[in-house]
Amino acid sequence: MERVEKNKENLMKCICMKKCPSYTFACKVKSMPSNTAELLKGAVKGDLSKTDHIEGVFCAFGKSNCITDDKGCVCPECAVYKENNLTKVYYCLDEGGR
Ligand code: SF4
Ligand code: SF4
């Protein structure tokens, strides 16, 4: 399965929350408190490798707890996608993408 490193660089590059039509406004609102908490935890060490899940970088952290509909996937436009030679889409809906 395609696996991407869990780190802050990849999180900054991830365009799921910024550009994706499948990442609904409701999911953004819902995921913000937990994302912020996880990020603060990670920020202490600058490393997210111990973080189980955040609502972003789904190619590294696994599928979303909130996104449910495939309304388009912008992964192929993402730097992380290119750097890791990813080939699939919808990492938020299917573990390892589809
Ligand atoms: S490839 Fe997709 S899921 Fe992975 S970091 Fe980029 S936009 Fe996010
Ligand atoms: S994995 Fe693809 S479909 Fe899911 S939020 Fe990211 S860009 Fe959108």
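Source: prediction; values computed, not measured. As the structure lists them, so they are numbered: ligands from 1, and atoms in each ligand from 1.
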Next item on the list: Show which atoms of ligand 1 fall inside a sub-4.0 Å distance from at least one heavy-atom site of Ile15.
Entry: 7 (S)
Notebook entry, point to check: Is there side-chain contact between Lys88 and Asp94, with heavy atoms separated by less than 4.5 Å?
Noted result: no
Notebook entry, point to check: What's the shortest distance from atom 7 (S) of ligand 2 to any protein heavy atom, and which residue and atom give it?
Noted result: Val74 N, 3.4 Å
Notebook entry, point to check: Which of these, Cys78, Cys59, Cys20, has its nearest heavy atom closest to atom 8 (Fe) of ligand 2?
Noted result: Cys20
Notebook entry, point to check: Looking at Glu77, Glu5, Glu83, which hits salt bridge (Lys or Arg N to Asp or Glu O under 4.0 Å) with Lys13?
Noted result: Glu83
Checklist line | salt_bridge(Glu55, Lys30) N-O dist < 4.0 Å | finding: no
Check: What atoms of ligand 2 come closer than 4.0 angstrom to any heavy atom of Tyr91?
Finding: 1 (S)
Notebook entry, point to check: Looking at CG of Leu48 and CD of Glu38, how far apart are the two atoms once the value is rounded to the nearest 0.5 Å?
Noted result: 8.5 Å
Notebook entry, point to check: Are the sulfur (SG) atoms of Cys16 and Cys92 separated by under 2.5 Å?
Noted result: no
Margin query: So Pro21 and Val74, do their side chains get closer than 4.5 Å, heavy atoms only?
Written below: yes
Next item on the list: Indicate if the distance from atom 6 (Fe) of ligand 2 to the nearest N, O or S atom of Cys16 falls below 2.8 Å.
Entry: yes
Next item on the list: For Gly72, take its heavy atoms, then give the atoms of ligand 2 lying under 4.0 Å from any of them.
Entry: 3 (S)
Margin query: Could you check whether Asp70 pairs with Arg98 (Lys NZ or Arg NE/NH1/NH2 to Asp/Glu carboxylate O, under 4.0 Å)?
Written below: yes
Checklist line | Protein contact of atom 2 (Fe) of ligand 2 - nearest heavy atom, named by residue and atom, plus distance | finding: Cys73 SG, 2.4 Å
Notebook entry, point to check: Relative to the heavy atoms of Tyr90, which atoms of ligand 2 are at a distance of less than 4.0 Å?
Noted result: 3 (S)
Notebook entry, point to check: Just which atoms of ligand 2 are under 4.0 Å from any heavy atom in Ile67?
Noted result: 5 (S)
Notebook entry, point to check: What atoms of ligand 1 come closer than 4.0 angstrom to any heavy atom of Phe58?
Noted result: 3 (S)
Notebook entry, point to check: Roughly how far apart are Cys14 SG and Phe61 CZ, rounded to 0.5 Å?
Noted result: 9.5 Å
Note to self: Among all the protein's non-hydrogen atoms, which is closest to atom 4 (Fe) of ligand 2, and how far away is it?
What the structure shows: Cys92 SG, 2.3 Å
Checklist line | Protein heavy atom at shortest distance from atom 1 (S) of ligand 1 | finding: Cys75 SG, 3.7 Å
